[in-house]
Amino acid sequence: LNGLNSLGTEETEELEEVLLQADVGLETAEKIIEEVKKADIDHKNHNEMNAALKKTLKEFFYLDDKRALTLKEKPSVVLFVGVNGSGKTTSIAKFSKMLSEQGKKVMLAGCDTFRAAAIEQISVWAGRLDIPVVKGFSGADPASVAYDAHESALSKNIDCLIIDTAGRQHTKDHLMEELKKIINTIRKKDTSQPSEVFLVLDSTTGQNGLSQAQKFNEFIGLTGVVLTKMDGTAKGGIALRIEKTLGIPVKYIGLGEEFDDFCEFDPDSFCEALIN
Amino acid sequence: DLTQKFQRLFKNLRGHGKLTEKNIEDALRDVRLALLEADVNFKVVKQFIQKVKDGVLGSNVVTSVTPGQQFIKMLNNEMVSFLSGGEPETIKSNDNIILMTGLQGSGKTTTCGKLGLVLKRGGKKILMAACDIHRPAAIDQLEQVGKRLDIDVFADRALNDAVKIAEMAVRRFTDGGYDHLIVDTAGRLHVDSSMMEEIKKIKTVISPSKIYFVADSCTGQDAVVSADSFHKALDFTGVILTKLDGDTRGGAAISIKHVTGRPVVYVGVGEKSQDFEVFYPDRMVSRILG
Ligand SMILES: Nc1nc2c(ncn2[C@@H]2O[C@H](COP(=O)(O)OP(=O)(O)OP(=O)(O)O)[C@@H](O)[C@H]2O)c(=O)[nH]1
Ligand SMILES: Nc1nc2c(ncn2[C@@H]2O[C@H](COP(=O)(O)OP(=O)(O)OP(=O)(O)O)[C@@H](O)[C@H]2O)c(=O)[nH]1
Ligand SMILES: [Mg+2]
Ligand SMILES: [Mg+2]
């Protein structure tokens with residue numbers, strides 16, 4: 001009977017350690033182990049074990065039909081949000097390059113009017129990409145910058161307007177309301193927008209990542225996750241919990257600090273990397 | 001929260017006297033879940049649970065009238081002692097040169113300003129050095145931070161070498177009669193060997209008396225890996241944990257202390273320069289235990 005006593009305590013512990021180290025969290029780790037134990041395989045066979053484990057992990061990423069980029073109308077507005085330092089501005093540069101290479105006319109909106117040199121930072125990226133960026137003066141209302149950018153994008157026949165926002169803690173309601181205001185401002189001109197709202201999440205984040213996703217989703221609704229800094233040693237396992245429990249698909253991965261260090265999220269290679 | 005859980009777990013024992021090993025196992029399972037949810041590294045959790053278990057079995061918790069409260073008190077004390085100890089690492093007047101290091105986006109540049117402000121308010125003359133030549137507008141960022149706080153910043157946009165800039169900054173520090181030099185560096189991965197070589201070289205040329213590993217408090221299990229790696233490369237003296245104004249429990253504090261032996265010295269509690277505090281182990285423990 002391949003089943004309940006198939007996995008010894010030592011193997012179970014080893015499996016649990018791999019999963020915990022990957023930041024999947026204890027409850028998720030226990031669920032995965034239960035599934036693997038029940039699997040109809042030879043649990044003593046290393047290859048079959050790995051295959052079963054990978055299959056179980058991939059089941060958390062069940063939103064493959066929602067993973068593709070959805071750009072509605074023109075200009076399609078894509079909003080990048082997330083906590084401080086997660087990699088939003090850099091991800092926008094990478095995402096913009098990707099769209100430009102697909103022949104799309106891209107414009108940036110520098111709606112981080114708060115942090116020191118945020119405007120200079122996005123301007124450098126826009127310059128490197130040779131794409132227009134609409135920015136405000138430091139301390140300006142982010143929603144007003146979004147408004148100006150949207151106006152400009154409409155008049156300049158832009159395909160995609162990408163909005164950078166200031167980092168913020170999801171526990172600060174007034175900052176979360178600020179994001180709502182940006183979205184409402186865009187909706188005044190086009191109720192079909194934004195086409196996408198991406199949570200940019202640092203892959204070294206632990207279980208707090210779920211709280212981040214929950215809160216941002218509650219306030220503004222998220223359509224996808226960008227998981228950054230996957231070129232480090234963190235596995236980004238919190239993404240399993242986010243996609244499974246919140247129904248938000250992981251769409252892109254950040255793999256470094258340059259333009260090309262960006263790719264579409266592939267559950268198969270992600271799960272493969274997690275168990276290695 | 002844990003206290004209520006234990007009150008419930010142990011309340012059936014009142015009148016029956018002794019805690020059994022089974023009761024303790026149940027309680028420890030809850031502790032384990034709480035600590036893992038708080039992002040304490042699982043290896044550290046294992047050791048900690050064992051310590052608590054041995055402590056409980058050998059103590060008067062077992063025969064106490066309020067075992068739940070006693071248990072929590074023991075947990076608390078064990079964790080506080082886990083986080084305390086080691087050299088007190090706040091800046092002294094002869095800590096002239098301070099090096100800031102850490103992973104990308106952890107809060108180094110912002111924290112340079114925070115530390116500078118604290119020292120400036122103590123009447124000291126501060127110089128900050130912009131040694132991140134890698135991130136777009138990094139020098140602008142530190143200069144703006146310095147301008148806002150009226151703290152001098154040394155930068156050289158013509159020099160394309162972080163080590164040379166650090167060297168020049170030390171010269172400016174000495175010639176300018178400053179009390180403290182705070183050196184900001186680029187975020188880097190512990191697995192990026194050329195960047196780890198760079199930070200080692202910076203350390204060699206500036207010879208800092210304090211090296212702070214600036215870490216994001218919402219870091220998960222990977223905290224032990226990166227901290228261990230940075231510690232082996234630089235032998236940093238202390239940790240600054242940032243973004244504690246969020247709702248992360250901050251278990252990384254325990255993991256980092258455990259694997260490096262280095263204490264958390266300061267914490268960042270917001271984006272403004274004033275949002276900076278000295279680290280108190282007992283406050284952190286209440287937060288981690290939820
Ligand atoms: N190694 C690595 N570094 C990254 C990645 N994405 C971003 N970074 C770095 O992370 C740091 C922070 O990136 P930003 O783009 O400024 O992050 P942000 O979310 O816009 O930050 P705030 O606007 O301050 O909240 C920078 O040093 C980036 O170069 C990635 O995928 N890999
Ligand atoms: N909420 C909050 N934000 C913080 C704190 N410390 C820093 N930040 C923010 O975190 C983001 C990253 O801060 P930086 O100072 O640019 O981080 P860094 O380590 O210098 O980044 P790199 O140089 O790219 O590695 C910014 O948005 C800061 O305002 C803190 O304690 N709380
Ligand atoms: Mg940014
Ligand atoms: Mg910096």
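Reminder, nothing fancy here: chain letters follow the sequence lines and each chain counts from 1.
Other residues, nucleotides and ligands place more than 12 heavy atoms under 6.0 Å from the CG atom of A:D173. The 12-atom threshold is exceeded at CG of A:N276, counting heavy atoms of other residues, nucleotides or ligands nearer than 6.0 Å. Around atom CD of A:E27, no more than 12 heavy atoms belonging to other residues, nucleotides or ligands sit under 6.0 Å away. Counting heavy atoms of neighbouring residues, nucleotides and ligands inside a 6.0 Å radius, atom CD of B:E25 exceeds 12 of them. Other residues, nucleotides and ligands contribute only 12 or fewer heavy atoms inside 6.0 Å of the NZ atom of B:K51.
Summarising the geometry of A:A117 relative to B:A137, their closest heavy-atom pair is CB-O, 3.8 Å, with the distance given to 0.1 Å. When every heavy atom of B:E37 is checked against every heavy atom of A:Q207, the shortest pair comes out as O-CB, 3.5 Å. The two residues A:F114 and B:R148 have their closest heavy-atom pair at O-NH2, 4.1 Å. Residues A:N84 and B:D216 share a closest heavy-atom pair of O-OD2, 4.4 Å. Considering all non-hydrogen atoms of both residues, A:N208 and B:D39 come closest at N-OD2, 3.9 Å. Residues A:T233 and B:H190 share a closest heavy-atom pair of OG1-NE2, 2.8 Å.
Counting heavy atoms from C-beta outward, B:R135 and A:T90 have side chains that stay 4.5 Å or more apart. Under the 4.5 Å side-chain criterion, counting only non-hydrogen atoms from C-beta, A:Q21 is in contact with B:V225. Residues A:L26 and B:R32 are in side-chain contact: their nearest non-hydrogen atoms beyond the backbone lie under 4.5 Å apart.
Contact of B:L189 with chain A is made through the side chain alone, with heavy-atom distances under 4.5 Å. Of the two parts of A:T205, the backbone and the side chain both hold a non-hydrogen atom closer than 4.5 Å to a non-hydrogen atom of chain B. With a threshold of 4.5 angstrom between heavy atoms, A:E257 approaches chain B through side-chain atoms but not through N, CA, C or O. For A:K172, the part sitting under 4.5 Å from any heavy atom of chain B is the side chain, from C-beta outward, and nothing else. Heavy atoms closer than 4.5 Å to chain A are found in the side chain of B:N41, but not in its backbone.
In this structure, A:L201 CG and B:C218 SG are separated by 8.0 Å, a value rounded to the nearest 0.5 Å. The distance from atom CD of A:E17 to atom NZ of B:K43, rounded to the nearest 0.5 Å, is 6.5 Å.
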Q | Stepwise side-chain contact (heavy atoms from CB on, under 4.5 Å) check, A:E16 with B:F42 | A | CA-CA 10 Å; A:E16 192 181 63; B:F42 71 89; over 6 Å; no

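The greatest number of non-hydrogen atom pairs below 4.5 Å with chain A, out of B:T248, B:D192, B:V145, B:L142, is found for B:T248. When the candidates A:A93, A:S123, A:G206 are compared by the number of heavy-atom contacts under 4.5 Å with chain B, A:G206 comes out ahead. Note: B:Q144 leads B:R249, B:Q144, B:E143 in heavy-atom pairs under 4.5 Å with chain A. Contact count versus chain B (heavy atoms, under 4.5 Å) is highest, among A:I119, A:D231, A:I238, A:I122, for A:D231.
Ion pairing between a basic and an acidic side chain is recognised when a charged N comes within 4.0 Å of a carboxylate O; B:K46 and A:E13 show such pairing.
If you run side chain to side chain donor-acceptor pair (under 3.5 Å) between B:D247 and each of A:H170, A:Q169, A:K215, A:Q212, only A:H170 comes through.
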